[in-house]
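First the proteins, then the strands, lettered A, B, ... as listed; each starts at 1.
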Amino acid sequence: MKAEVVSTHRGGMWSWVFQRVTAVLLIVMLAIHLIFTHILNIGELNYDNIADRLAHAGLTAVDIILLAAGIYHALNGLRMVLMDYWFTSRTRALILTIVLWVVGIAFMAYGTWALWPWIS
Amino acid sequence: MSGKPRETANVGVGLWKATGMWAWLLFRISGLILVFYLGAHIVIISTGQFGGDGETLNSLMKTFDHPVLVLLDLALVVAVLYHALNGVRIILMDFGIGVHRHKLLFWSAMAVVVICFAIFAWVAFTYIVTGEGVTS
């Protein structure tokens, strides 16, 4: 019987572990984010009702965790896909990893800036 | 990085045939859609802070309240739910749960997708038809 392998851990053990840790975080945080923003809300979203929600420190914390976990999970997932196609050698994979970290940190900074009025 | 297949609990249960192969392909496609969406979401929603008085965000929200865009949100919900529930299935199988019943596990996950989707569809259509939130 031919061996069939699902998780080959190509991206490294920590990338595999963090992909799962962020997955669990995302399910919980995204559920809270969607329920509070789109199910328990008051119809049309506007700056005032969004600001009212984010005035609760817990919901701002949810958004920040969501931002960090989402960016990590998305870019690490993209990295796994791209490493299947063109970034197959060690050097190319390393370049890809560095580029994605820079992109990720930039997105994290931009998203944190947008949430800053409720963080500070 | 060796290409040598590693022995895992997944050996020989047919995970790469039929259901498992489609589950993987859709997982990858939904993942790529979500990467693109997350980038757009962060970039666009954050521009709502430009000007500092909330007017930019309010005009963005008016645009997003168009019925066509609410329906696109609903399509996004499908991608999110599929990716989330198939992800739960993958994590369960990492712990060795359901590996030999992965088809049953897959279809159970899809049942949860359908139930959650129904809730979001109810919210979306209530909003499109009445312009109100479901709890307002």
A quick test of your reading: do over 12 heavy atoms of other residues, nucleotides or ligands sit less than 6.0 Å from [atom1] of [X]?
X: Phe36(A); atom1: CZ; result: no
X: Tyr85(A); atom1: OH; result: yes
X: Arg92(A); atom1: CZ; result: yes

Determine the interplanar angle of the Phe50(B) and Tyr110(A) rings, folded into 0 to 90°, and report it as parallel if under 30°, tilted if 30 to 60°, perpendicular if over 60°.
->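 Tilted, since the angle between the ring planes falls between 30° and 60°.
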
To the nearest 0.5 Å, what is the distance between OG (Ser46(B)) and CH2 (Trp116(A))?
->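 The CH2 atom of Trp116(A) is 14.0 Å from OG of Ser46(B), to the nearest 0.5 Å.
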
Would you mind checking which part of Thr56(B) comes under 4.5 Å of any heavy atom in chain A, side chain (CB onward), backbone (N, CA, C, O), both or neither?
-> neither

Contact class of Leu60(B) relative to chain A, heavy atoms under 4.5 angstrom = neither

Which atom of His38(A) lies closest to which atom of Val123(B), heavy atoms considered =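 Nearest pair, atom of His38(A) first, then Val123(B): O-CG1, 3.2 Å.
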
For Gln49(B) and Ala114(A), which heavy atoms make the closest approach, and how far apart are they?
->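 Smallest heavy-atom distance, with atoms named: NE2-O, 2.8 Å.
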
Close contacts, residues 37-44 of chain B versus chain A, judged by heavy atoms under 4.5 Å =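 Answer by number: Leu38(B), Gly39(B), His41(B), Ile42(B), Val43(B).
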
In terms of heavy-atom proximity below 4.5 Å to chain B, should Leu26(A) be classed as side chain, backbone, both, or neither?
-> neither

Going by heavy atoms in the side chains, are [X] and [Y] under 4.5 Å from each other?
X: Gln19(A); Y: Ile90(B); answer: no
X: Ile39(A); Y: Phe120(B); answer: yes
X: Asn46(A); Y: Lys62(B); answer: no

